[in-house]
Amino acid sequence: MSHPNETLRDIYDEVLRRNAGEAEFHQAALEVLESLETVVTKHPEYTDSQVIRRLVEPERQIIFRVPWVDDRGVVQVNRGFRVQYSSALGPFKGGIRFHPSVNLGIVKFLGFEQIFKNSLTGLPIGGGKGGSDFDPKGRSTGEVMRFCQSFMTELHRHLGEYTDVPAGDIGVGGREIGYLFGQYKRITNRYESGVFTGKGLSWGGSRVRTEATGYGTVYFVDEMLKVRGESFDGKRVLVSGSGNVAIYAIEKVHQLGGIVIGCSDSGGYVHDEAGIDVELLKEVKDVRRGRISEYADLRPSASFVAQGSLWDLPCDIALPCATQNELDGDHAATLIRGGVSIVAEGANMPCTRVALQAFAEAGVRCAPGKAANAGGVATSALEMQQNAARDSWSFEHTEERLEEIMRGIHDRCLSTADEYGLPGNYAAGANIAGFIKVADAMLALGVI
Ligand code: GLU
């Protein structure tokens, strides 16, 4: 830690010792603890009552076997996780990720970040995350369904609209949520819409939920531009990834007058000076479930680069929307040389610590994922509101609410950073504002 406060240093040492080998979780915890130095000086009650020490320890961690039978009749065994991190502000809330890289440390880092993100939305949701090392790539729809059913057969007993409300994340979209919710409904014999978000429109979902994370990130950046008297007009933008977050970030950048000249997947990146054709991208990724190279095959103005990094392209704004630690120190140096002035994290923790430091030193404004990608979970909370009221809002009304929430989060980050003597530091503002709301609720609820 940079200027260690003794108690925070002790807490961090304990995190390292008690969660050995969980590098991403250590990284996420350190990033928050560092921001809290000025807070604990002003408010010793948070350290006296051990709020921080309690907060770094999840309320409950569930790990379970997920056996299923593949299309060849072979039995497969995966591991399932749900980390119910904090329910101080509401039921545990956070996505489920299916990806071979998923392990306890990854789920804990995501669950920990989710606490502060959800707090920042201003809505009554606690923090949690789940997932499995199941790799959906190359699996048939039948295999995905059987896996989801097995996963939910175990997890259902830990969920509930007032207990824990999962949603999607990497590898879990509308199709998977359908199978998960279907199995939950069957086992519990309850049509409990509020137990899941990201549902389809005909079975309790909310309009704008699919678009929300990407749209929200771009609204956040629009606000960052506005405080400097700028706009998206003519700005060259890079968006890494080509999943749900990336696709709708690209769509919104174009709506606001910017131009996205590149996006990527794990196989490489496409460069398209004419601006990414979002409808074609949706067709390739959503409908065909194909690779980004196919986009370049179908689009004359685009080229596909199998080696190298998307961040090699010069841009004004970079939106990492793929996965954790995708943007490292070297990428940051290249982006800075290319003239980047804003970086906003559409994914969770996509920038390494070295990258963030390089951006800070170069005066690049950085929006942390906790704030910039909070639009997804905020719209999940709006979905819960609609479910509770047995209501269904229009696209316009829901998008208006999302926009308002994102602009509110932006302002809260800046005003909190100012209040704690760190003007312009979005990351510190997000961590402090997110923390204080949870910490005050924990103080009020007693030692539980
Ligand atoms: N997985 C998303 C996130 O990282 C959404 C979570 C949710 O809607 O509950 O915030």
Side-chain angles (χ1 to χ4, degrees), residues 24 28 81-87 89-99 102 106-121 123-132 155 159-161 163-174 176-177 180-181 193-200 204-217 220 241 243-249 320-324 326 344-350 367-387 398 401-402 405-406 409 430 434:
E24 291 83 3
F81 302 90
R82 185 74 182 167
V83 173
Q84 299 182 328
Y85 225 114
S86 167
S87 62
L89 296 181
F92 303 107
K93 181 82 197 87
I96 287 179
R97 176 177 292 192
F98 292 164
H99 192 270
V102 167
I106 296 274
V107 180
K108 262 156 80 178
F109 117 66
L110 291 164
F112 185 68
E113 294 237 305
Q114 200 84 42
I115 305 172
F116 307 96
K117 184 196 306 196
N118 294 4
S119 164
L120 270 177
T121 66
L123 298 163
I125 38 180
K129 201 85 182 194
S132 174
L155 189 62
L159 306 181
E161 62 177 322
T163 307
D164 185 349
V165 182
D169 196 80
I170 294 172
V172 177
E176 291 73 19
I177 288 171
L180 292 164
F181 178 65
S193 301
V195 75
F196 240 99
T197 62
K199 299 182 294 297
S206 171
R207 292 188 177 80
V208 194
R209 178 61 191 87
T210 310
E211 295 85 352
T213 312
Y215 277 18
T217 301
F220 194 97
N244 193 47
V245 182
I247 287 174
Y248 292 99
C321 296
T323 195
Q324 67 272 356
E326 57 164 301
E345 298 183 326
N348 292 313
M349 207 170 74
K370 282 182 204 88
N373 73 37
V377 77
T379 308
S380 279
L382 301 182
E383 183 171 332
M384 292 161 75
Q385 285 184 27
Q386 291 169 79
N387 292 153
T398 317
R401 293 284 312 265
L402 167 65
I405 290 167
M406 293 314 295
I409 294 174

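Below, all heavy atoms of this structure are taken into account, side chains as well, without hydrogens, waters or symmetry copies. Note that ligands are numbered from 1 as they come in the structure, with each ligand's atoms numbered from 1 the same way.
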Report every pair formed by an N or O atom of ligand 1 and a protein N or O atom separated by less than 3.5 Å, giving atom names and the distance to 0.1 Å.
residue  : atom   : partner : partner atom : Å
ligand 1 : 1 (N)  : Lys129  : NZ           : 3.3
ligand 1 : 1 (N)  : Gly168  : O            : 2.9
ligand 1 : 1 (N)  : Asp169  : OD1          : 2.8
ligand 1 : 4 (O)  : Lys117  : NZ           : 3.0
ligand 1 : 4 (O)  : Lys129  : NZ           : 3.0
ligand 1 : 4 (O)  : Asn348  : ND2          : 3.2
ligand 1 : 8 (O)  : Arg209  : NH2          : 3.0
ligand 1 : 8 (O)  : Ser380  : OG           : 2.6
ligand 1 : 9 (O)  : Lys93   : NZ           : 2.7
ligand 1 : 10 (O) : Gln114  : NE2          : 3.1
ligand 1 : 10 (O) : Lys117  : NZ           : 2.8

Shortest non-hydrogen contact from Leu159 toward Val195: CB-CG2, 4.0 Å
Donor-acceptor pair between Thr197 and Arg209 side chains, under 3.5 angstrom: no
Intermediate values then yes/no, salt bridge (charged side-chain N to carboxylate O under 4.0 Å, His left out), Lys93 and Asp164: CA-CA 6 Å; Lys93 181 82 197 87; Asp164 185 349; over 6 Å; no
Close side-chain approach of Asn348 to Gln324, heavy-atom, < 4.5 Å: no
For Ile405 against Ala378, the heavy-atom pair lying closest together: CG2-CB, 3.9 Å
ring-ring contact (aromatic ring centres under 6.0 Å, His included) involving Phe92 - partner list, sequence neighbours excluded: none
